[in-house]
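Everything below concerns the one structure shown next.
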2 protein chains.
Amino acid sequence: MSSVNAETLQTLSDIAHRLRIHSIEATSASNSGHPTSCSSISEIMSVLFFNEMRYTVQEPRHPANDRLVLSKGHAAPVLYAAWAEAGAFPLSELKNLRKLDNPLEGHPTPKLNFIDVATGSLGQGLSCAAGMAYAGKYFDKADYRVYCICGDGESAEGSIWEAMAFASYYKLDNLVNIIDVNRLGQSEPTMYQHHTEVYKQRAEAFGWHALVVDGHNIEEVINAFKTASEVKGKPTCIIARTFKGKFLPQIEDHDSWHGKPLGKQTEVVIESVRKLIKNQSDKLGFELLPIKTPTSQVNKNDLTVRLATPPNYKLGEEIATRLAYGTALVKVGQSNPNVVALDGDVKNSTYSIKFKEAFPDRFVECFIAEQNLAGVSIGVACRDRTVAFASTFAAFWSRAFDQIRMGAISQTNVNFSGSHVGCSIGEDGASQMALEDLAMFRSVAGSTVFYPTDAVSTERAVELAANTKGVCYIRTSRPNTPVIYENNEVFEIGKAKVVVRSESDYATIVSGGVTLHEAIKAANQLKQQGKNVRVIDVFTVKPLDWQTILESVRQTGNRVLTVEDHYAEGGIGETVASALLTNAPSETFNFKKLYVKSIPISGQPQELLERFEIDSKAIIRAVESF
Amino acid sequence: MSSVNAETLQTLSDIAHRLRIHSIEATSASNSGHPTSCSSISEIMSVLFFNEMRYTVQEPRHPANDRLVLSKGHAAPVLYAAWAEAGAFPLSELKNLRKLDNPLEGHPTPKLNFIDVATGSLGQGLSCAAGMAYAGKYFDKADYRVYCICGDGESAEGSIWEAMAFASYYKLDNLVNIIDVNRLGQSEPTMYQHHTEVYKQRAEAFGWHALVVDGHNIEEVINAFKTASEVKGKPTCIIARTFKGKFLPQIEDHDSWHGKPLGKQTEVVIESVRKLIKNQSDKLGFELLPIKTPTSQVNKNDLTVRLATPPNYKLGEEIATRLAYGTALVKVGQSNPNVVALDGDVKNSTYSIKFKEAFPDRFVECFIAEQNLAGVSIGVACRDRTVAFASTFAAFWSRAFDQIRMGAISQTNVNFSGSHVGCSIGEDGASQMALEDLAMFRSVAGSTVFYPTDAVSTERAVELAANTKGVCYIRTSRPNTPVIYENNEVFEIGKAKVVVRSESDYATIVSGGVTLHEAIKAANQLKQQGKNVRVIDVFTVKPLDWQTILESVRQTGNRVLTVEDHYAEGGIGETVASALLTNAPSETFNFKKLYVKSIPISGQPQELLERFEIDSKAIIRAVESF
């Protein structure tokens, strides 16, 4: 039985109805939105905000606070209403929902100081919540708890089940997932409608404590949270049987009411809901129910990071950039205890294993589940708890494109590293070759895309990424390649390096990674033939140092050749072309690009570079054809 | 008890060892690959190929054959060995594994006539297999069965669980998933090692019949398949407890042997395995064990598709291209009974619901699980059983990028449609806006990317996509926009349309979709100011009709402006810039591009077009700034 008295229960019920009304009013004012998806969780929200969660309204993202992730982001209005009722901002503001320049957007984003991660692409919130819970239990060793609300429809997303497996594997008993089983999806009933036993069975099979409650029964919801707080060694899943549009006459549990404001029915429905409120005073809310505050102290973290020791290589030494990535991870880890690394069971290939060996307690093995790997990374980095580096094969980051895209909207600072790029990986074949990763990561809003060419520049890329806001991507290669920079070379984001130059260069070659070395080879051979060429290492593909490139191109007869172990679309060639055309309207260019023109095959790395015409021979042919 | 006699059991065991030896020899010859991952499923493969599956070796992809998807594609050598033993090609060919230009690549691809879908990015095979099983049960109404082999490590992928839910929801009792629980992942033991009860509990919770067997016990494996064939109304999951590197001395069940050829140990290990073979004659294999043949007839399908009736709109009529997509789907569906449509619970937004209403038996609701939606689509289209159209919000195709990337390697002909692109969707906010989809689909190898501007061109895009090989993508928009083409307008892939022109055009504007209409508006206003501009509708962004664009640009003072409701990276502007620069080396261009420069916000569609400077006013400003 609940320890909550009848009066509190009534107040929580009243608050739930107020949240319901706010949601209806806001969506009617904006003439868009999802009032029925708000109504199904109004009681849950009331209990969370006014009976369960411990937080400071004045600083909603204080690190000691409990966290809430509304994975079913389309129910944003009820979340906004709860924060308004809690006192975070005036209730009157709710009617500006979805209006231009109002941060109360259609789906939650961290422009609001009470949102950690953007939601709205379904099935992603639980991974982020699991990351926060992991950080709380293992990094912060604090007692803050993490709550996540998922829809029943979105529970069809595999990413949910990746997160479910992760959370139980790591015994995240500070995590509660509430599944709002309101029976109705967008276009038809969900797969399992009100068969809550299906969700319970699955949650249990995935290692969670699971219980089914009537999601509109305040006392049952309170008791469920109490049970969750007492379960040790596993997370708890509260399966809440609810109704979409609960308490909205002629709308509750009706199909075809997804994502629709109530229009002409608004006033009648509100009137009906209002009658359910016992205490009609405006004093309801946090004034009546004190909000619980955090019980433990959690300090804010300094996230300044540097390489503990500078790169230490010999010029010409053959080192794969993926290996240098691992070395650099350890060094940034030495400089700051808040650096953490995550991987998807390829740590012995990406070399994040070196970090695990150095700092086993700061490494998170996420197994073969890249969507969850991305989401957990975003989660552990929230509220500046950690500087997170997540790695897998670059090709497999395509698995998590949606999570990374949402990560940008979430203002995440996670650093993603992808190894084994391009056909230069060799025998494994096309499925393992990233040939679209530059296109993908370049298209992520506000991203920085590093493509280091040797071990020295890779170490500096890691250091720069750690200190750069927004999504960073570090593209590393499988083959060993020679060190071309001195250990004290200084690198900057958006600054390319001219690595081969003379006073009489015939053309400029722009590249990065493995093909940059091919360009150097080509330049050496061309030089022997009496033809000098300039070679530029982009270092960052985004932002692109078009100024350096353009300057070089102008000094080399406006002949420019790009070379990349990547498909043409969205790659180095296109960004260089666009930059030249945009910034030099009165000039002509002799522009050529070399790239992987068709799906590669198995073969030895050098055979494939030759076959797909991105090796030194192809470069020489291209230069000679100018 | 099995109905198989002792002699057959022995032969199947002998074959398993032969497969094991072939896998070792092949990977040692190529000095790369995964022999230990082959050994764990050698008995299963022997039983499948020589006792269970019904197929014609001469025509491995005959539509009546049973299907096998090796989701754990890195075990390719044992799959190749099984087909060689079955007689598909000479055993001697196996030693050319992973060699340049040999189709026996590191991971399976359909360049081999016995492979339906490429695998190697883990966790994808089961969705494809489920699609094949769906086609068998509901479209072909045939009795062919579908087998899938997943690794235990890859069972952490959420896409597996999306497929598990889908298969039981649709009662795919013609589908068998074998999970090879060999305990070891790439870099460490799997999450559940040999706890087969975890897999059993999960499979059952996801609605499957599940049983655990010793995967190296031939009789148990045979009996499990027999049980599976008798289970009605649900798919069967065979959880096979196995050992990685089984029967390989000092390697079996040892960590750190993932993806490694045996090197110097090759001969000793092979000798040891060879001793396990009872019948040392070379006559083992299909000569001893007759391969079962298909029991029912399945015809090859004609997949020629056309619009049953031409577009029927009035010029100026306001129709969203997403609605025209739904209309066109019905029309191609009328022309050919093999057209099918799939969606992820947004059919009332993408308008694929019109197809469901017309042809309920040919519509597959995949619920909110886009990875599985993509995989099932690829599966139902295999062996030319269907012409598949899959739709969801364009933003959510980013969820399935890896599946679509692999789809290209699988030579799929699936047509993907994404609605709700760009900031023109309005109030829902950034999470729902596709602003990277052109970058993503352009980067898919061999893809065709349609960006139709009005209802007429959308209908033709659907018709053309249906008849085009490779991945096709149709980008549709949410807002209503006027019809600008006559109903009899002819469209071709790679052919742009000049929609506004005069003899004295000052500049060329290149666009598509919603922003094309803004360009027309701008052109009309500029005309009133006495300045004519040319407007080009790209129709297909890939392939880009650079010839028409270049010709127009030359006729308009080499001034060109691109406009797109998309981020800059990988979009229309970059592809146009790259094409101009590549194809006109002796010309200067005054090039500008308008695109969405930062993460959009909520607001009304027209407000957002204005705010993000891709509306007619921004276009006019850009033209005036030339």
Side-chain angles (χ1 to χ4, degrees), chain A residues 32 98 100 105-107 118 120-122 153-154 156-159 161-162 169 185-187 191 201-202 205 345-348 367-369 371 398-399 401-402 405 409 427-432 436 439 442-443 445 567 569-570 574 577-578 581-582 585-591 599 602-603 607, chain B residues 32 98 100 105-107 118 120-122 153-154 156-159 161-162 169 185-187 191 201-202 205 345-348 367-369 371 398-399 401-402 405 409 427-432 436 439 442-443 445 567 569-570 574 577-578 581-582 585-591 599 602-603 607:
Chain A
S32 70
R98 290 171 168 244
L100 192 69
E105 295 203 54
H107 293 77
S121 182
L122 292 170
E154 75 172 310
E157 292 281 13
S159 49
W161 300 98
E162 294 180 4
Y169 184 83
Q186 170 174 325
S187 70
M191 294 172 100
Q201 198 186 354
R202 291 185 183 182
D345 192 23
V346 288
K347 56 185 176 289
N348 50 348
F367 299 95
I368 308 174
Q371 296 192 76
S398 64
R399 198 62 154 266
F401 188 14
D402 199 16
R405 175 183 79 88
I409 304 175
E427 292 84 351
D428 270 339
S431 65
Q432 319 294 301
E436 315 83 353
R442 284 185 60 236
S443 78
Y567 291 141
E569 295 84 2
E574 286 197 351
S578 180
L581 212 55
T582 304
S586 56
E587 294 174 57
T588 63
F589 294 96
N590 207 330
F591 172 77
I599 297 174
S602 288
E607 286 178 337
Chain B
S32 70
R98 291 172 168 242
L100 193 69
E105 297 203 51
H107 294 77
S121 180
L122 292 169
E154 73 173 311
E157 291 282 13
S159 49
W161 299 97
E162 294 180 5
Y169 185 83
Q186 169 174 326
S187 69
M191 294 172 99
Q201 198 185 354
R202 291 185 185 183
D345 192 24
V346 289
K347 56 185 175 287
N348 51 347
F367 300 95
I368 307 174
Q371 296 190 80
S398 63
R399 199 62 154 267
F401 187 15
D402 199 16
R405 176 184 79 88
I409 304 174
E427 292 85 349
D428 270 339
S431 65
Q432 319 293 302
E436 315 84 353
R442 284 186 61 236
S443 77
Y567 292 141
E569 294 85 2
E574 287 196 352
S578 180
L581 211 55
T582 304
S586 56
E587 294 174 58
T588 64
F589 295 97
N590 206 330
F591 172 77
I599 296 175
S602 288
E607 286 178 337

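Heavy atoms only: backbone and side chains are in, while hydrogens, waters and symmetry mates are out. Chain letters run A, B, ... following the sequence lines, proteins first and then strands; every chain starts at 1.
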If we define contacts as heavy-atom pairs under 4.5 Å, which of [options] has the most with chain B?
{"options": "A:A156, A:G158, A:S602, A:G570", "answer": "A:S602"}
{"options": "A:A439, A:S443, A:G185", "answer": "A:S443"}
{"options": "A:E587, A:Q201, A:E105", "answer": "A:E105"}
{"options": "A:T582, A:N348, A:N590, A:I599", "answer": "A:N348"}
{"options": "A:Q432, A:R202, A:E607", "answer": "A:R202"}
{"options": "A:A118, A:G429, A:G153", "answer": "A:G153"}

Next on the checklist: Please classify the contact between A:S586 and chain B as side chain, backbone, both or neither, with a heavy-atom cut-off of under 4.5 Å.
Outcome noted: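 Looking at A:S586, just its backbone touches chain B.
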Next on the checklist: Is A:Y567 close to chain B through its backbone or its side chain, or both, or neither, when contacts mean heavy atoms under 4.5 Å?
Outcome noted: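 The side chain, not the backbone.
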Next on the checklist: Check this for me, if you would: do A:E436 and B:R442 make a salt bridge, where the nitrogen-to-carboxylate-oxygen distance has to be below 4.0 angstrom?
Outcome noted: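 No, no charged N to carboxylate O under 4.0 Å.
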Item to check | Atom pair CD/OG of B:E157 and A:S159 - distance to nearest 0.5 Å | outcome: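 Rounded to the nearest 0.5 Å, the CD-OG separation comes out at 11.0 Å.
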Next on the checklist: Could you measure the distance from the CH2 atom of A:W161 to the CH2 atom of B:W161? Nearest 0.5 Å is fine.
Outcome noted: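 If I round to the nearest 0.5 Å, the distance is 10.0 Å.
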Checklist entry - Is there a donor-acceptor contact under 3.5 Å from the side chain of B:E427 to the main chain of A:G106? => result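 A pair under 3.5 Å: no.
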Checklist entry - Does B:S398 offer a backbone N or O that forms a donor-acceptor pair with the side chain of A:D402 under 3.5 Å? => result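 Checked: no pair found.
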Checklist entry - Of all residues at least two apart in sequence or in a different chain, which pass the side-chain contact (heavy atoms from CB on, under 4.5 Å) check with A:S431? => result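 If we apply the side-chain contact (heavy atoms from CB on, under 4.5 Å) test to A:S431, skipping adjacent residues, the hits are B:H107, B:M406.
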Checklist entry - Is B:Q371 close to A:R399 at the side-chain level, that is, under 4.5 Å between some pair of heavy atoms? => result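 A side-chain contact exists here, since the closest heavy-atom pair is under 4.5 Å.
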Any idea which heavy atoms bring [X] and [Y] closest together, and the distance?
{"X": "B:Y169", "Y": "A:M191", "answer": "CE1-O, 3.3 Å"}
{"X": "A:P585", "Y": "B:T588", "answer": "O-CB, 3.5 Å"}
{"X": "B:A430", "Y": "A:R405", "answer": "O-NH1, 3.6 Å"}

Item to check | Best-contacting candidate, B:L122, B:I409, B:L100, against chain A by heavy atom pairs under 4.5 angstrom | outcome: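 Among B:L122, B:I409, B:L100, the one with the most close pairs to chain A is B:L100.
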Item to check | Trace of the side-chain contact (heavy atoms from CB on, under 4.5 Å) decision for B:K347 with A:Q186 | outcome: CA-CA 9 Å; B:K347 56 185 175 287; A:Q186 170 174 325; over 6 Å; no
